[in-house]
There are 2 protein chains.
Amino acid sequence: MIQKKITIKDIARKANVSIATVSNVLNNKGRVSTKTANKIKQIIEQDGYTPNLSARSLKNKNSHLLSVIVPYLHKGEFQDKPYFWQVITGIESGARNENFHVMLTGISDDENLSFIEERHLDGIIVIGIDKNSNLLEKIINLNKPCVFMDSYLDDEKLYQVHSNDRLGGYLGTKHLISLGYNKIILISGITGKIKKQSGVDYQRYLGYRQALAEARIPYSDQLVFEEGQTMVNGYYSAQKILGCLDDNTAIFVLSDIGAMGLIRGLNELGVTVPTDISVMGYDDIFYTNYMVPSLTTIKQDIFNKGQKAIDLLLAQIKGNSLEERKISLPVELRIRESTIKRSR
Amino acid sequence: MIQKKITIKDIARKANVSIATVSNVLNNKGRVSTKTANKIKQIIEQDGYTPNLSARSLKNKNSHLLSVIVPYLHKGEFQDKPYFWQVITGIESGARNENFHVMLTGISDDENLSFIEERHLDGIIVIGIDKNSNLLEKIINLNKPCVFMDSYLDDEKLYQVHSNDRLGGYLGTKHLISLGYNKIILISGITGKIKKQSGVDYQRYLGYRQALAEARIPYSDQLVFEEGQTMVNGYYSAQKILGCLDDNTAIFVLSDIGAMGLIRGLNELGVTVPTDISVMGYDDIFYTNYMVPSLTTIKQDIFNKGQKAIDLLLAQIKGNSLEERKISLPVELRIRESTIKRSR
DNA sequence: AATATTTGGTTAAATGTTTAATCATTTAAG
DNA sequence: CTTAAATGATTAAACATTTAACCAAATATT
């Protein structure tokens, strides 16, 4: 026995008013006496009316629905990245506080984004899109409220949130240097990324170079490995860097899970962290503190990053003017067991 | 310059037909000659028409939108659980293949679920709801297509997906026994859960008892610790169990991240895994293979579980009849470094 | 007292679809 | 040749809202 849903019309009839009046009460618009307003509110309460959002959306051309877009989410690789999960719980949390719902959407290069229009989405958050992706242009052309996370896009008009990645790269490198090492191996994300000068890893790479320069350590291309960001990538990079290792060497992996994989890989090759070599990661996912050895890393406040993104998005949607369209969140060095002073 | 969106009406005018005909072409319904159909299709293609899903939803009372509901998602605890992320990527992947979108929603006990009706959601997937939660009744009363994951609900009418948790508990325990231990500590999830006989951990607990019984090892309540499922929980449980440990003891933690925390905690107390004690986990999240020591665990195919759930949900939505409403996925023992034979 | 303004509402159009009912026209059947 | 059925399309209602335009009554202003 499916009971028909109660509409504004039913409420109006019962309250002996027009539907316009009910609508006005619902939206606190127009003029309606407190008396009738109360009567209507009571009936609404009693009968358990809830609005039909499709109808509302049709009329208003909005939806109170946001989309978090993760390029290539459906590729298995992403399952390995707790980073995203933290960001997304942050976003969901911020959105729900403001009565928005969140759609999670993976897209690929050839995908069409019509669903954004079709569903009257109020805004989107795009995580980690490449500067050169043809998706980027498509997204910008949508002209929807939008926030880009973890991308470094030149356009001043775009809203962007990321951590201070350059500082992170700098701090990490400097830490390793300060421990007495002068040969710092950098293991970064997806191949080609650094050269394409897009994304967070390039910024971290710049920080790396800055720290080297300040310490008057010559930069060498041979020490920068672009391996990918997964645990497996880290694992296999152990073999590749084995030849480079000596007493002066320390390793900076630009993701914690990559570092975990690397440590494991080194272990199997007979190299122990930190006694044989110091290794640090990046992100400070919650694992780092509980590994054996616990992992020195650059902390970014991931959950908060998600919330900042939603703040920025909602401000756009509501038309609030903002001083700054680009938010750069602080990072911090977290020293733990995986890095130790060079024992001459 | 915001250009007005093209509607079915515009297409109709341009093709010199009624809007009904265009609609029929769009939905492959009604009778329309291939000639006009082609003409209309061409214009649609040319002008880049895309439907207004709000209008459609209003008329059809559906949305091609699903919700994954995670009770208490917004509690920080969930950020620590890569398990969910894997499930959800599985769900999203399955949904997008069938042209559905996925909303991610956290809810709390007192929350109202009106959004499900309001948005005309086509179905929902609920992860890990408690048998005694008052949310459960609310959800069932919605009478929407629904799949419950990782809950053991008695109602035969409900669609459910989970792994064979009882077997998992059995296999893990049996493995430890087979290594020569006769005192098996069980560290499980949220306090009270086992006693309330709901959820996956209770099933695993039953398997644990079965394995003990088969081996004629007396069961003791003292060896079952209900600590919670996070890494921090595992970490602090180290202290609590320290008094119980002896040469005959092995530990079965009902989550991998809990096991990681425990191993770390034990380490800090001077107990090394596996040389001093064998520890195994549960889930086989991708970390397990890369930890040092790598973690013996019970593997469940998490991503696949998400996809199975979506299959079950879509079958309901499409009205396909199903032989079986309950899917129990296989589990497997994965022996790694964290458990070793008892050295008498 | 006459006029202007405010208050508290109503009417009706509009939003973009789907679909049942209807209607010509063409084809098939008797 | 007449009638029945099939084909291809149109009309108009319905879905649940919002909102601009309008209106009557009450109150304020001159």
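Hydrogens, waters and symmetry mates play no part in the numbers below; they use all other heavy atoms, side chains included. Labels below follow one simple rule: chain letters A, B, ... track the order of the sequence lines, proteins then strands, and each chain is numbered from 1. These figures come from a predicted structure and were not determined experimentally.
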Check your understanding: Are the charged groups of B:Lys144 and B:Asp122 less than 4.0 angstrom apart, N to O?
Key -> no

Check your understanding: Contact class for A:Ser54 (heavy atom, under 4.0 Å): base, sugar-phosphate, or nothing?
Key -> nothing

Check your understanding: So what does B:Ile19 hit on the nucleic acid, given a heavy-atom distance under 4.0 Å: a base, only sugar-phosphate, or nothing?
Key -> base

Check your understanding: Hey, is the side chain of B:Ser57 poking within less than 4.0 Å of OP1 or OP2 on D:dC15, counting only N and O atoms?
Key -> no

Exercise for review: Remember a base hit wins even if backbone is also touched, and classify A:Lys61 as base, sugar-phosphate or nothing at under 4.0 Å, heavy atoms.
Suggested key: sugar-phosphate

Check your understanding: OP1, OP2 of C:dT7 versus side-chain N and O of A:Ser33: anything below 4.0 Å?
Key -> no

Review point. So what does B:Ser23 touch, heavy atoms closer than 4.0 Å: a base, only the sugar-phosphate, or nothing?
Key: base

Check your understanding: Under 4.0 Å: is that the gap between some side-chain N or O of B:Thr7 and OP1 or OP2 of C:dG16?
Key -> no

Check your understanding: Can you check whether B:Phe78 and B:Tyr72 have ring centres sitting under 6.0 Å from each other?
Key -> no

Check your understanding: Side-chain N or O of B:Thr21 less than 4.0 angstrom from OP1 or OP2 on D:dT10?
Key -> yes

Check your understanding: Any side-chain N or O of A:Arg56 less than 4.0 Å from the OP1 or OP2 oxygen of D:dT18?
Key -> yes

Review point. Can a side chain N or O of B:Asn27 be found less than 4.0 Å away from OP1 or OP2 on C:dT18?
Key: yes

Review point. With the threshold set at 4.0 Å, does a side-chain nitrogen-carboxylate oxygen contact exist between B:Lys308 and B:Asp301?
Key: no

